[in-house]
Amino acid sequence: MLRLLPLFLLLLYSFFGRSQTLTAVIIDSATQKPIPYVTVQLKNKGVITNEEGRFTFQLNGSITPQDSLLISCIGYASIGKPIEQFDTKQILMAPKAIDLNPVIVTNKNYSPDEIVDLVEAQIAKNYNLGLTKKRIFLRETYGNRILKSDYTLKKSTIKDLDKAFIDNLIDQVPKTNTVYNESLGDLYGGSDADEQKLDLIKASELYDKSLELDFEVLEKKFNTIMQENVKTDSYFKIKSGLFGTKVDADEMFDTEVDSTDVAALNKKLEEEKKNKADRKKFFAKYKRETLGNLYQNLPIFDDTDYNVLFKPGRYDLVLENFTYLGDAAVYVINFTPKRGEDYKGKLYINSDDFALIRMDFENVKPLRDFSLLGVTINEYLAKGRIIFSKGDDAKYHLSYYDVNKGIRAGFRRPLKIIEKNKNVKGRRKQNELSMKVDAAFGNRNRYELVVFDETVLKPSEYGSFKENNDVLPKYMPNYDPNFWSGYDIIEPNQAIKAFVSETEIEE
């Protein structure tokens with residue numbers, strides 16, 4: 001008996017002391033396929049599995065092997081048992097058979113319209129609509145593609161700025177590029193995007209910086225050509241058809257600072273210091289606005305784009321079937337627009353308290369389809385899901401928000417860059433670059449927002465919090481599994497884990 005104690009302590013240390021994480025993949029026992037977007041809870045904290053069914057849970061000092069891990073997903077039998085009983089990194093979930101229990105039998109006579117009306121009537125009871133503090137993790141994936149980069153060079157009065165140089169410039173621009181940006185912080189606010197406050201904790205960005213190197217070399221060559229051929233007191237007229245703008249020469253390219261000029265060096269250092277401070281403010285502002293726009297657009301708020309709960313008369317509602325979330329019976333309602341609305345999808349509604357626990361949505365038409373004077377913008381895709389989970393306060397809280405967006409843009413117009421100088425006698429026009437451009441770009445962006453914790457705020461608590469963000473994202477040339485060690489996040493997919501830059505470049 002005594003001999004078993006050191007072995008038990010060694011295993012306990014190995015599980016809780018060394019790794020401090022619980023990692024697994026959740027599998028459908030019937031199909032043997034991973035189950036995405038499963039809720040995994042441990043001592044009132046929760047994470048969501050990624051699209052590959054994987055999750056990682058941080059284990060702090062208060063966790064014991066006897067604490068229960070609760071796993072739930074719509075359409076599956078829930079699992080709840082102590083951590084020490086999970087002896088594999090694969091967890092099987094069994095699909096739950098649909099039997100019409102007394103609750104459903106009692107409520108099944110509700111029409112889909114009546115069910116949706118009951119959801120809207122119970123929103124104030126089922127959700128916290130006021131000020132809250134939320135621990136959030138946001139992963140943004142930006143995929144950019146150049147679809148077309150054709151041009152016709154009509155005129156260039158600068159010898160080195162010829163077709164060969166422009167062809168080389170275009171060839172150096174990456175045709176495809178993917179950037180992953182991750183942020184962790186606390187978000188303070190309510191339903192209004194403009195009233196959000198953000199306390200950033202940590203952030204990272206993962207992309208291949210080597211793709212920029214050849215372009216930077218070419219950019220320096222371009223600056224050298226311009227400096228050798230353009231007068232310092234000149235200005236540029238940039239024209240595209242009837243439209244034009246004016247740019248001073250010193251705004252077109254940077255100038256080197258003389259290393260012996262102390263005053264100039266100090267000025268440069270101050271500018272760089274200010275630029276870094278401005279970058280931090282911009283980064284925090286961008287994240288705050290992104291989070292605010294996502295949160296404001298939840299279907300439980302009346303100004304949402306997903307307005308089926310508040311304007312059900314604009315949709316055809318069909319009760320598709322019943323399913324389960326654990327022991328709770330769930331209505332599944334399809335919604336499709338009758339006329340001009342943008343989205344179709346599914347609503348998953350708890351039959352007991354009529355809370356919306358999940359919404360899947362997809363646009364049925366382009367959200368923007370703009371074409372004017374050779375400029376086109378087509379926002380062709382907006383697809384995702386929103387999941388709410390019930391907390392200890394008997395309220396439902398946002399736990400996961402996933403949206404994919406796709407945009408195509410085109411530019412088919414003439415372009416002229418004309419150097420002018422009012423101090424030169426005679427003609428003001430000095431140089432000209434004239435071409436016709438036919439370019440097209442495609443972007444696929446994804447936003448994954450996970451909310452781990454939400455607490456109600458008093459107005460005084462919200463008012464007393466002041467932002468003091470001093471965080472810039474840490475650049476990573478390759479995926480680093482240790483960067484988020486100690487923090488709960490949504491597990492990265494295999495594309496992120498396998499990401500490797502061609503040339504590893506540290507900041």
Side-chain angles (χ1 to χ4, degrees), residues 19-27 33-60 69-74 76 89-91 93 134-143 178-187 198 200-207 287 290-291 294-295 298 357-360 383-389 391 396-405 444-454 473-474 476 479-499:
S19 67
Q20 292 294 309
T21 60
L22 173 62
T23 299
V25 58
I26 299 179
I27 304 291
K33 293 182 179 180
I35 308 174
Y37 318 120
V38 178
T39 299
V40 183
Q41 292 180 298
L42 179 63
K43 293 191 75 170
N44 304 322
K45 289 186 65 179
V47 297
I48 299 284
T49 63
N50 67 7
E51 66 263 40
E52 297 164 349
R54 299 183 181 278
F55 75 91
T56 295
F57 223 122
Q58 299 297 323
L59 303 173
N60 57 39
L69 197 68
L70 303 176
I71 303 173
S72 59
C73 182
I74 290 174
Y76 290 86
K89 290 199 172 185
Q90 283 194 353
I91 300 172
M93 290 192 80
K134 299 167 282 290
R135 171 58 59 89
I136 58 90
F137 175 79
L138 176 66
R139 175 177 292 137
E140 299 163 273
T141 304
Y142 299 99
T178 302
V179 177
Y180 301 100
N181 197 301
E182 299 179 335
S183 304
L184 180 77
D186 292 321
L187 186 67
L198 179 61
L200 281 169
I201 298 171
K202 201 173 185 182
S204 69
E205 56 184 356
L206 173 66
Y207 66 96
K287 294 302 174 187
T290 300
L291 290 164
L294 288 172
Y295 199 80
L298 292 179
I357 57 177
R358 174 169 165 172
M359 171 187 274
D360 297 344
K383 178 181 181 181
R385 66 195 48 81
I386 298 168
I387 300 174
F388 297 93
S389 300
Y396 288 85
H397 307 268
L398 174 67
S399 59
Y400 183 65
Y401 192 150
D402 178 26
V403 58
N404 288 267
K405 294 190 174 183
R444 283 288 298 269
N445 303 330
R446 183 180 185 185
Y447 305 85
E448 288 183 278
L449 173 62
V450 185
V451 181
F452 297 106
D453 217 15
E454 180 175 281
K474 168 68 176 176
M476 294 190 295
Y479 171 69
D480 180 2
N482 298 315
F483 182 80
W484 291 108
S485 177
Y487 295 97
D488 286 320
I489 65 170
I490 187 169
E491 183 75 2
N493 59 28
Q494 287 302 309
I496 297 175
K497 289 181 177 180
F499 188 92

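Just so we're clear, the structure is a prediction, and the values are computed from it rather than from any experiment. Computation of the quantities below employed the complete heavy-atom set of this structure, encompassing side-chain atoms and omitting hydrogens, waters and symmetry-equivalent molecules.
The closest side-chain heavy-atom distance from Thr39 to Ile48 is below 4.5 Å. The side-chain heavy atoms of Arg54 and Thr23, taken from C-beta on, include no pair separated by under 4.5 Å. Looking at Leu42 and Leu22, their side chains never come closer than 4.5 Å, going by heavy atoms from C-beta outward. Asp488 is not listed as a side-chain neighbour of Arg135, based on a closest heavy-atom distance of 4.5 Å or more. Looking at heavy atoms from C-beta onward, Tyr142 lies out of side-chain contact with Arg444 at the 4.5 angstrom threshold. Two residues are said to be in side-chain contact when any heavy atoms from C-beta on lie closer than 4.5 Å; Leu298 and Tyr401 meet this criterion. When side chains are defined from C-beta on, Met93 counts as touching Ile71, because their heavy atoms get closer than 4.5 Å. With contacts defined as side-chain heavy-atom distances shorter than 4.5 Å, the pair Leu398/Ile386 qualifies.
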Residues Ile387, Ile357; criterion side chain to side chain contact (heavy atoms under 4.5 Å, CB included); working and verdict: CA-CA 6 Å; Ile387 300 174; Ile357 57 177; over 6 Å; no

Evaluation steps, side chain to side chain contact (heavy atoms under 4.5 Å, CB included), between Lys474 and Glu182: CA-CA 10 Å; Lys474 168 68 176 176; Glu182 299 179 335; over 6 Å; no

Chi angles and distances behind the side chain to side chain contact (heavy atoms under 4.5 Å, CB included) call for Ile74, Arg358: CA-CA 9 Å; Ile74 290 174; Arg358 174 169 165 172; 4.1 Å; yes

Residues Ile201, Tyr487; criterion side chain to side chain contact (heavy atoms under 4.5 Å, CB included); working and verdict: CA-CA 10 Å; Ile201 298 171; Tyr487 295 97; 4.0 Å; yes

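Between the CD atom in Glu454 and the OG atom in Ser399 there is a gap of 10.5 Å [rounded to 0.5 Å]. Between Leu138 atom CG and Leu198 atom CG the span is 9.5 Å, to the nearest 0.5 Å. For the atom pair Asn445 CG and Thr141 OG1, the distance stands at 8.5 Å (nearest 0.5 Å). Note: Lys134 NZ to Leu187 CG = 5.0 Å, rounded to the nearest 0.5 Å. Rounding to the nearest 0.5 Å gives a distance of 14.0 Å between OG1 of Thr56 and CH2 of Trp484. The CZ atom of Arg385 lies 6.5 Å from the OH atom of Tyr400; values are rounded to the nearest 0.5 Å.
Salt bridge Glu491/Lys497: present, at least one basic N to carboxylate O contact under 4.0 Å.
Across all their heavy atoms, Ile91 and Ala24 have their closest contact at CD1-CB, 3.9 Å. In terms of heavy-atom proximity, Pro492 sits nearest to Asn50 at O-ND2, 3.2 Å. Residues Tyr479 and Leu206 share a closest heavy-atom pair of N-CD1, 3.7 Å. Summarising the geometry of Ser183 relative to Leu200, their closest heavy-atom pair is CB-CD2, 4.3 Å, with the distance given to 0.1 Å.
For Asp480, the side-chain contact (heavy atoms from CB on, under 4.5 Å) criterion is met by Met476, Asn482, Phe483, not counting sequence neighbours. Listed by chain and number, the residues in a side-chain contact (heavy atoms from CB on, under 4.5 Å) with Thr49 are Ile26, Val38, Val40, Phe55 (sequence neighbours excluded).
Heavy atoms from other residues, nucleotides or ligands lying under 6.0 Å from NZ of Lys383 number 12 at most.
Put simply, the residue from Glu448, Glu52, Glu51 that forms a side-chain hydrogen bond (donor to acceptor under 3.5 Å, both in side chains) with Asn493 is Glu51.
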